[in-house]
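Everything on this sheet refers to the single structure shown next.
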Amino acid sequence: MDKVWGHNVSEFQKRFDALLTKGEGPRRLKNLYFIYLIELRAISKVLPYFERPEFVLYTGNRSNDMTTKLLLVDILYAAKSFPLHFDENALFAGVGKEAEQLKMEFRHHFRNISKIMDCVGCFKCRLWGKLQTQGLGTALKILFSERQIANLPDRELSQGFHLKRQEIVALFNAFGRISTSVKELETFRALLQKIARE
């Protein structure tokens, strides 16, 4: 029996169609776009951190370090050129302590999600889930640290804001994964429109 690898439109409809999911599907898609915008915004905000001369990507090959950094900075400038569709300040708007309490609750819930990922049985699913969760956590860390990033020293190591290597890897892997998902939504839309015309 020949198996065909491709886009499964019926599975897409089962997961995202408003009628088949009793309204849950469109909410899932909104969440997908929301996470995409959070990560895109964070990537555009972290540009000053990566632009500093002290920041080096250790690829294992000195000649590749600078080339890789330049390519990364180009990607960050492209993200920064994206029109503002998300204002992270509105996410935790409120009066002083109320806004801070909301941030703390958000962090607590996020840590719980990360702990839940430890219980996933499939190793690959747990790995990808943890990577994406850490990537989103890194994006939120960046958005919560806007003032620290804006005040980074030009020529010396930062005592305030810092990203670990695993956070950088997780951030870009998570953004790559969510970007692919958003791109695939366009493919599924086109396939559904084609089916509707037939």
Next on the checklist: Test side-chain contact (heavy atoms from CB on, under 4.5 Å) on Leu76 and Ser44; report intermediate values, then the result.
Outcome noted: CA-CA 6 Å; Leu76 297 174; Ser44 71; over 6 Å; no
Checklist entry - Does Leu192 belong to the same Ile/Leu/Val/Met/Phe/Trp/Tyr cluster as Leu20, with side-chain heavy atoms less than 4.5 Å apart forming each link? => result no
Item to check | Residues in salt bridge (charged side-chain N to carboxylate O under 4.0 Å, His left out) contact with Glu105, at least two apart in sequence or another chain | outcome: none
Checklist outcome for this item: Between Arg126 and Val120, the two heavy atoms sitting closest are NH1-O, 2.5 Å
Next on the checklist: Can you see whether Glu51 engages Tyr77 through a side-chain donor-acceptor pair at a distance of less than 3.5 angstrom?
Outcome noted: yes
Checklist entry - Between Ile38 and Ala139, which heavy-atom pair has the shortest distance, and what is it? => result CG2-CB, 4.2 Å
Next on the checklist: When you compare the side chain of Pro48 with that of Arg52, does any pair of heavy atoms fall below 4.5 Å?
Outcome noted: no
Next on the checklist: Grouping I, L, V, M, F, W and Y whenever their side-chain heavy atoms are under 4.5 Å apart, do Met66 and Tyr49 come out in a common cluster?
Outcome noted: no
Next on the checklist: I want to check something: taking the side chain as every heavy atom from C-beta on, are Pro26 and Thr21 in contact at a cut-off of under 4.5 Å?
Outcome noted: yes
Checklist entry - Between Lys45 (side chain) and Ser145 (backbone), is there a donor-acceptor pair under 3.5 Å? => result no
Next on the checklist: Between Lys183 and Glu186, is the salt bridge (charged side-chain N to carboxylate O under 4.0 Å, His left out) condition met? List the steps.
Outcome noted: CA-CA 5 Å; Lys183 174 76 175 101; Glu186 296 303 316; over 6 Å; no
Next on the checklist: Could you measure the distance from the CD atom of Glu39 to the CG atom of Leu140? Nearest 0.5 Å is fine.
Outcome noted: 8.5 Å
Checklist entry - Would Leu47 and Ile149 count as a side-chain contact (heavy atoms from CB on, under 4.5 Å) if you check the C-alpha gap in whole Å, the side-chain angles of each, and the deciding distance to 0.1 Å? => result CA-CA 9 Å; Leu47 175 63; Ile149 294 170; over 6 Å; no
Item to check | hydrophobic_cluster_shared for Tyr33 and Phe82, side chain cutoff 4.5 Å | outcome: yes
Checklist entry - Say you draw a straight line from CG of Leu131 to CD of Gln166; how long is it, rounded to the nearest 0.5 Å? => result 10.0 Å
Item to check | Arg27/Glu24 ion pair, N-O < 4.0 Å | outcome: yes
Checklist entry - Do Phe16 and Phe34 share a hydrophobic cluster, counting only Ile, Leu, Val, Met, Phe, Trp and Tyr and linking them when any side-chain heavy atoms are less than 4.5 Å apart? => result yes
Checklist entry - How far does NZ of Lys80 sit from CG of Leu40, to the nearest 0.5 angstrom? => result 11.0 Å
Next on the checklist: Using the ring centroid of each side chain, check whether Phe188 and His7 are separated by less than 6.0 Å.
Outcome noted: yes
Show me, pair by pair, the donor-acceptor contacts under 3.5 angstrom made by side chains of residues 170-179, not counting sequence neighbours?
residue	atom	partner	partner atom	Å
Asn173	ND2	Val169	O	2.9
Ser179	OG	Phe175	O	2.6

Item to check | Intermediate values then yes/no, side-chain contact (heavy atoms from CB on, under 4.5 Å), His108 and Met104 | outcome: CA-CA 6 Å; His108 177 72; Met104 293 304 291; over 6 Å; no
Checklist entry - Distance from Leu136 atom CG to Lys141 atom NZ, nearest 0.5 Å? => result 14.0 Å
Checklist entry - With hydrophobic residues grouped by side-chain heavy-atom distances under 4.5 Å, do Phe50 and Ile75 end up in a single group? => result no
Next on the checklist: Within the 4.5 Å heavy-atom criterion, are Phe12 and Asp17 side-chain neighbours or not?
Outcome noted: no
Item to check | Shortest non-hydrogen separation from Arg15 to Arg28 and the atoms involved | outcome: O-NH1, 2.5 Å
Next on the checklist: Assess the residue pair Ile168 and Phe55 against the criterion (side-chain contact (heavy atoms from CB on, under 4.5 Å)); give the C-alpha distance rounded to whole Å, side-chain angles, the decisive distance to 0.1 Å, and a yes or no.
Outcome noted: CA-CA 12 Å; Ile168 296 167; Phe55 181 80; 3.9 Å; yes
Next on the checklist: If you define the side chain from C-beta out and look only at heavy atoms, does anything of Leu32 sit under 4.5 Å from Leu185?
Outcome noted: yes
Checklist entry - If you look at every heavy atom in Asp65 and Leu57, which pair is closest and at what distance? => result OD1-O, 2.7 Å
Checklist entry - Is it true that Lys164 and Glu167 make a salt bridge, defined as a side-chain N closer than 4.0 Å to a carboxylate O? => result no
Checklist entry - When you check the side-chain N and O atoms of Asn8 and Ser10, is any donor under 3.5 Å from an acceptor? => result yes
Checklist entry - Under 4.5 Å between any side-chain heavy atoms of Leu143 and Arg41, yes or no? => result yes
Item to check | CA sep, side-chain torsions, deciding dist, call: Asn61, Thr59, side chain to side chain donor-acceptor pair (under 3.5 Å) | outcome: CA-CA 5 Å; Asn61 181 333; Thr59 62; 5.6 Å; no
